[in-house]
Amino acid sequence: MKRIMVYLLPFAIGFAACNSGGTQNNSDTTLPSDTGITDNMARDVNRDVLPNDSVRDDSKNLVKAAEDGLFEVRLSTDAQSKASSASVKTLAKHMQQSHEKINKDLKALAAQKSIVTPTAISDGQSKDISDLMEKSGKDFDKAYVDKLESAHKDAIDLFEKMSEKAEDPDIKAFFTKHLPELRMHLDMVMKEKDKLK
């Protein structure tokens, strides 16, 4: 099975590169047009090559967490230049740095388990960021904080579920380890939201 993955992964990367309109960018803040491994491609490769049903099932949620982590980094990177409030800029910088660390841990775990993860956010997430970037001033600050609230509530739901139900012990440990940090992020977001009322 690993031999199949060795053959399929370069194909997936090559296919994505051929279909991208731009140049490749190895940062965590890429758009779908910059690279090619989307969440759907990652899921397809994992479904076909992972030998163990439990790892294959857990990989779907790891892929989701990876894509959402990329979104958080991109969203917060962009917010640092657009926010009008100093405290929102500070929050955005903290979110970017914190999610970059979580993403790094996730990538290391995925590599250990031979799980392919996305390198680009989805078109829908890209559109959400574009729509948000059209706002300015306090409207932007409020919309950014609202987006963070929604994203963190979804992430906490996923991490809670996987910290209880993941079958692979290492994957379960990853979700369990980072759950308190995500809860802390949500507390920070809610405090900022109260300031913006």
Query raised in the report: Under the salt bridge (charged side-chain N to carboxylate O under 4.0 Å, His left out) criterion, do D78 and R74 qualify, and how do the steps go?
Result: CA-CA 6 Å; D78 289 353; R74 177 59 189 248; 3.0 Å; yes

Query raised in the report: Taking side chain as C-beta onward, heavy atoms only, is K113 less than 4.5 Å from S59?
Result: no

**Report entry** Atom NZ of K82: over 12 foreign heavy atoms under 6.0 Å
**Finding:** yes

Report summary line: Residue pairs meeting ring-ring contact (aromatic ring centres under 6.0 Å, His included), one or both in residues 76-95, sequence neighbours left out, come to H94-H185

Query raised in the report: Considering only heavy atoms from C-beta outward, does the side chain of H178 approach that of K101 to under 4.5 Å?
Result: no

Query raised in the report: What do the steps show when you test L75 against L148 for side-chain contact (heavy atoms from CB on, under 4.5 Å), and what is the final call?
Result: CA-CA 9 Å; L75 175 69; L148 280 183; 4.2 Å; yes

Query raised in the report: Would you say the side-chain atoms of H99 pair up with the backbone N or O of M95, donor to acceptor, closer than 3.5 Å?
Result: no

Query raised in the report: Thinking salt bridges, do D146 and K142 make one under a 4.0 Å N-O criterion?
Result: no

Query raised in the report: Less than 4.5 Å apart, any side-chain heavy atom of S85 and any of E192?
Result: yes

Requested in this report: Would you sort out whether K64 and K60 count as a side-chain contact (heavy atoms from CB on, under 4.5 Å), showing the intermediate values?
Outcome: CA-CA 6 Å; K64 173 68 174 149; K60 296 172 192 171; over 6 Å; no

**Report entry** Stepwise side-chain contact (heavy atoms from CB on, under 4.5 Å) test for R183 and E160
**Finding:** CA-CA 10 Å; R183 288 179 175 144; E160 282 176 345; 2.8 Å; yes

**Report entry** Pair K153 + E149, salt bridge at N-O below 4.0 Å
**Finding:** yes

Query - Chi angles and distances behind the salt bridge (charged side-chain N to carboxylate O under 4.0 Å, His left out) call for K127, D131 - result: CA-CA 6 Å; K127 184 178 184 320; D131 291 347; 2.8 Å; yes

Requested in this report: For the residue pair L196 and K193, establish whether any side-chain heavy-atom pair is separated by less than 4.5 Å.
Outcome: no

Query raised in the report: Is there side-chain contact between I121 and I129, with at least one heavy-atom pair below 4.5 Å?
Result: yes

Report summary line: Hits for ring pair (Phe, Tyr, Trp, His ring centres under 6.0 Å) against Y144, two or more places apart or cross-chain, chain-then-number order -> none

**Report entry** Salt-bridge criterion met for K177 and D105 (N-O under 4.0 Å)
**Finding:** yes

Report task. Return yes if some donor-acceptor pair links the side-chain N/O of E72 with the main-chain N/O of D68 below 3.5 Å, else return no. Result -> no

Query raised in the report: Should N61 and I171 count as side-chain neighbours, where that means a heavy-atom distance under 4.5 Å?
Result: no

**Report entry** Parallel, tilted or perpendicular: ring planes of F159 versus F175, cut at 30 and 60 degrees
**Finding:** perpendicular

Report task. Verify, without hydrogens or angle tests, whether D141 (side chain) and S84 (backbone) share a donor-acceptor contact under 3.5 angstrom. Result -> yes

